[in-house]
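Working notes, beginning with the structure itself.
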2 protein chains.
Amino acid sequence: MAAAGAAGAFAAGRATADPGAGPVASRAAAYDFRGPHQAGIVTPAQDRLHFAAFDVTTDSREELVTLLQAWTVAAERMTKGHGAGEIGPVEGSLDLPPDDTGEAIGLPASGLTITFGFGPGLFRDEQGRDRFGLAERQPEALQTLPHFPADNLDPARSYGDLCIQACADDPQVAVHAIRNLVRIGFGTVAVRWSQLGFGRTSSTSTSQDTPRNLFGFKDGTANVKAEEGDVLEQHVWVGEGDDARGGWLAGGSYLVTRRINMTIEVWDRQPLGDQEAFVGRTKGSGAPLSGGEEFSSPDFEMPGRSGPIIAADAHVRVVHPEQHGGAKMLRRGYNFVDGSDALGGLNAGLFFIAYVRDPRTGFIPIQNAMAKSDALMEYLKVTGSALFAVPPGVQPGEWVGQSLFA
Amino acid sequence: MAAAGAAGAFAAGRATADPGAGPVASRAAAYDFRGPHQAGIVTPAQDRLHFAAFDVTTDSREELVTLLQAWTVAAERMTKGHGAGEIGPVEGSLDLPPDDTGEAIGLPASGLTITFGFGPGLFRDEQGRDRFGLAERQPEALQTLPHFPADNLDPARSYGDLCIQACADDPQVAVHAIRNLVRIGFGTVAVRWSQLGFGRTSSTSTSQDTPRNLFGFKDGTANVKAEEGDVLEQHVWVGEGDDARGGWLAGGSYLVTRRINMTIEVWDRQPLGDQEAFVGRTKGSGAPLSGGEEFSSPDFEMPGRSGPIIAADAHVRVVHPEQHGGAKMLRRGYNFVDGSDALGGLNAGLFFIAYVRDPRTGFIPIQNAMAKSDALMEYLKVTGSALFAVPPGVQPGEWVGQSLFA
């Protein structure tokens with residue numbers, strides 16, 4: 001079912017989007033909110049992101065459920081290009097606040113997807129309290145990520161009980177979606193942190209070009225793609241029997257976010273050859289330093305002047321599936337610039353997003369290896385981190401996360 | 001000359017852009033960097049912004065001039081869709097840092113404009129020092145803006161010795177431009193603050209639709225437009241005889257930036273009728289409450305239930321040119337969202353940009369009136385503020401700001 005679902009979701013996307021379309025032509029696309037998996041995972045990565053993490057401020061399970069139901073209705077409406085509420089931004093009584101905030105009036109759906117996730121705190125809060133009677137259903141893999149070497153986390157940019165990822169080809173549409181969901185959640189949730197991403201750094205479909213990160217390199221060349229149904233089954237979607245407590249999560253996924261500041265001013269002063277050696281690929285075409293073109297497999301044995309031509313600490317080698325028992329993740333990150341830092345540089349980097357079937361095998365070992373021996377780490381500082389369980393898709397008549405509360 | 005120049009600059013823009021094009025079709029546009037006025041003022045407002053303000057960290061006039069010359073070369077190249085330097089991001093020696101950072105490889109010019117400005121600190125620093133021998137040429141109107149009621153300025157988001165406004169239809173192109181100009185300035189300038197804007201809130205051409213701000217209202221309906229040559233002469237471009245010390249600024253303008261946080265969560269709880277009363281326009285069409293359509297003139301005399309139908313404190317009335325001796329400004333602001341605030345809401349609002357011939361008559365009185373009696377002020381908090389003198393356009397063979405140093 002899940003495999004057919006993935007293919008079906010993709011076909012639906014392509015049916016409304018122009019096949020092979022770049023960001024311009026895809027602007028009018030609308031993706032189905034409902035389906036076997038949530039949209040916004042294998043959906044061809046849209047250009048812009050607004051991501052928000054929330055603290056739940058109520059102890060009432062009923063209020064939480066009511067919010068998830070209201071969010072489902074609003075999210076489905078907005079992904080169709082409608083207002084957040086039935087009445088609309090300007091059509092209602094002058095005596096009432098509108099049920100849509102209005103800044104997206106006249107804008108098309110713009111490929112909007114809205115993806116919901118549940119953090120560890122929903123199951124057990126920082127004081128260990130089981131506020132919502134969900135502790136018994138907390139998947140074993142849903143734990144606060146361990147502290148990695150070189151993590152420099154800001155708690156105000158990390159963690160969260162709930163999350164919403166809004167992706168669209170128009171940032172005003174993504175911002176409008178998050179803003180209206182925040183509005184609907186008033187009194188039940190509060191924004192813990194939020195992040196805008198201005199440019200996608202991953203392709204999630206073979207129909208897309210590989211974009212560039214702020215190191216100037218192509219990123220996500222070897223990403224898991226929507227077209228690879230088997231790989232998605234194996235590495236992205238949670239299976240029925242994966243977790244005794246997490247059966248409700250089958251067909252869902254785990255969402256890792258990492259706010260990775262890049263010291264771009266220092267990077268920019270490195271020789272081109274060093275930059276390429278750190279990454280293990282050429283900056284122009286993105287081909288591995290062992291030769292070929294962008295999508296050629298790296299040859300880790302090929303000798304160079306001293307040692308292998310792809311160095312032992314080259315990024316492409318350290319994180320390669322070959323080093324990690326074949327582990328793969330579906331990456332969906334975005335470039336960000338959030339003003340400037342105290343040193344006269346830009347507060348900029350990569351808001352890393354990855355979807356994996358199990359973070360214990362699909363993310364944590366790779367991150368440990370990277371933190372320990374990746375040459376790029378000298379130019380990175382991780383300032384935010386979070387893990388969420390992303391429930392399966394919302395079927396007709398359901399609300400998001402319903403399987404958890406059933 | 002200036003009038004012909006304004007019309008000429010616009011014609012050049014329209015010649016490469018598709019006439020009447022929306023943001024999608026205009027993506028491939030390239031605007032001339034050189035001309036009688038700097039581009040990025042009357043240029044049809046692009047969709048995305050990256051703005052940076054700098055402190056000059058040298059006391060050497062020579063180093064400052066060298067930087068302006070280098071910035072001119074790089075800016076002209078990038079607005080053509082080329083790399084920042086002659087060699088390119090990947091074409092040079094492996095032993096040297098590239099002269100372009102590479103994240104815009106393959107991207108078109110995307111309508112990029114780069115506009116430079118000089119702050120009061122360039123003429124006399126905070127200690128009153130004339131570091132660069134320019135004090136005698138400081139225009140009288142170029143002073144730190146006065147403190148306005150309700151200003152809540154963060155010095156780390158305000159002021160600056162220099163500024164660069166980069167506008168483009170692709171945010172990666174705008175960010176790339178600022179990032180490379182920052183790189184070139186290393187050792188001479190340091191970023192004091194920078195601001196991303198994700199969506200334009202003004203039209204600067206009759207060919208553009210009026211966009212919406214985060215209050216959900218159309219903004220900038222009555223803006224000065226590129227097509228209004230006479231109005232530009234009167235209200236935007238500095239004239240030859242405007243200022244005895246500022247003759248070098250003729251053909252330039254003054255650039256006001258104000259980072260205006262909106263308390264959108266509170267706004268969203270106001271009844272539609274109240275929102276419209278505060279603005280003085282309908283939320284849907286943008287027509288004045290006195291009737292007609294978006295571009296109808298407001299009738300400030302028309303009676304309502306109690307008092308005039310456009311209230312005494314309605315935004316449209318308080319800032320209307322009629323109240324200020326006909327004063328008009330060319331607005332060019334952008335919506336922003338910078339993460340979240342401590343109250344569980346979004347740190348969001350309007351990055352206000354206006355170009356005026358003289359801030360003493362074209363901005364300060366209007367801002368004072370607004371701060372004193374505009375109903376919208378209850379939902380606004382100004383967290384950043386700056387004023388810059390924008391030198392005239394760069395003619396062939398010249399570098400930006402050359403007239404100041406001549």
Side-chain angles (χ1 to χ4, degrees), chain A residues 24 27 48 50 52 55 57 89-90 92-98 101-106 157 171-172 175 178-179 182-183 186 189-196 198-199 209 212-217 264-265 268-273 276 282-284 335 337-340 343-346 348, chain B residues 24 27 48 50 52 55 57 89-90 92-98 101-106 157 171-172 175 178-179 182-183 186 189-196 198-199 209 212-217 264-265 268-273 276 282-284 335 337-340 343-346 348:
Chain A
V24 174
R27 281 212 168 185
R48 322 285 170 225
H50 193 185
D55 292 327
T57 55
V90 298
S93 163
L94 291 175
D95 298 328
L96 294 173
T101 54
E103 70 270 25
I105 293 172
R157 294 188 187 278
Q172 183 111 344
V175 165
I178 293 291
R179 187 252 191 101
V182 170
R183 181 181 56 78
F186 180 76
V189 295
V191 178
R192 183 180 174 92
W193 53 270
S194 101
Q195 180 70 51
L196 243 64
F198 66 78
D209 287 343
R212 289 178 186 272
N213 62 27
L214 292 183
F215 284 149
F217 277 76
I264 57 175
E265 293 81 9
D268 290 345
R269 293 197 289 278
Q270 306 310 311
L272 177 60
E276 294 187 337
T282 62
K283 198 169 186 177
N335 295 323
V337 175
D338 291 341
S340 36
L343 301 175
L346 297 175
Chain B
V24 175
R27 281 210 168 187
R48 323 286 170 223
H50 194 184
D55 291 326
T57 54
V90 298
S93 163
L94 292 175
D95 299 327
L96 294 173
T101 55
E103 70 271 24
I105 293 173
R157 294 188 187 277
Q172 184 110 342
V175 165
I178 293 291
R179 187 250 191 102
V182 170
R183 181 181 57 77
F186 180 77
V189 295
V191 178
R192 181 180 175 92
W193 53 270
S194 102
Q195 180 71 53
L196 242 65
F198 66 79
D209 286 343
R212 289 179 186 271
N213 62 27
L214 292 184
F215 285 149
F217 278 75
I264 58 174
E265 293 82 7
D268 289 346
R269 292 197 290 277
Q270 307 310 311
L272 177 60
E276 294 187 335
T282 63
K283 197 168 185 177
N335 294 322
V337 175
D338 290 343
S340 35
L343 302 175
L346 297 175

Next on the checklist: If I measure from the heavy atoms of chain B, does A/Arg179 come under 4.5 Å with its side chain, its backbone, both, or neither?
Outcome noted: both

Checklist entry - Do you know the tightest heavy-atom contact between A/Leu346 and A/Glu265? => result N-OE2, 2.7 Å

Checklist entry - Between A/Ile264 and A/Leu214, which heavy-atom pair has the shortest distance, and what is it? => result CG2-O, 4.1 Å

Item to check | B/Thr101 to A/Lys283 - nearest heavy-atom pair and separation | outcome: O-NZ, 3.2 Å

Item to check | Per-residue contact mode, A/Phe215 against chain B (heavy atom under 4.5 angstrom) | outcome: backbone

Checklist entry - Are the side chain of B/Gln172 and the backbone N or O of A/Arg212 linked by a donor-acceptor pair below 3.5 Å? => result yes

Item to check | Most chain B-contacting option - heavy-atom pairs closer than 4.5 Å, from A/Val90, A/Asp268, A/Leu196 | outcome: A/Asp268

Checklist outcome for this item: Shortest non-hydrogen pair, B/Asp338 vs B/Arg157, comes out as OD2-NH1, 4.1 Å

Next on the checklist: Shorter than 4.5 Å, heavy atoms on both sides: which option in B/Gly339, B/Ala104, B/Gly273, B/Pro97 has the most such pairs with chain A?
Outcome noted: B/Pro97

Item to check | Contact class of A/Asp209 relative to chain B, heavy atoms under 4.5 angstrom | outcome: neither

Checklist entry - Looking at A/Ala348, A/Pro98, A/Gly199, A/Gly92, which one has more heavy-atom pairs under 4.5 Å with chain B than the rest? => result A/Pro98

Item to check | Portion of A/Val175 that has a non-hydrogen atom of chain B nearer than 4.5 angstrom | outcome: side chain

Next on the checklist: So which residue, B/Glu276, B/Arg183, B/Arg269, ends up with the most heavy-atom pairs under 4.5 Å with chain A?
Outcome noted: B/Arg269

Next on the checklist: If you apply the rule side-chain contact (heavy atoms from CB on, under 4.5 Å), what do you find for B/Leu272 with A/Leu96, and how did you get there?
Outcome noted: CA-CA 6 Å; B/Leu272 177 60; A/Leu96 294 173; over 6 Å; no

Checklist outcome for this item: For A/Pro89 and A/Ile105 the tightest heavy-atom approach is CG-CG1, 3.7 Å

Item to check | Best-contacting candidate, A/Ala52, A/Ser194, A/Ser93, A/Ala190, against chain B by heavy atom pairs under 4.5 angstrom | outcome: A/Ser194

Checklist entry - Where does A/Arg192 contact chain B at under 4.5 Å (heavy atoms): side chain, backbone, both or neither? => result backbone

Checklist entry - chain B heavy atoms under 4.5 Å from A/Phe186: which part of the residue, side chain, backbone, both or neither? => result side chain

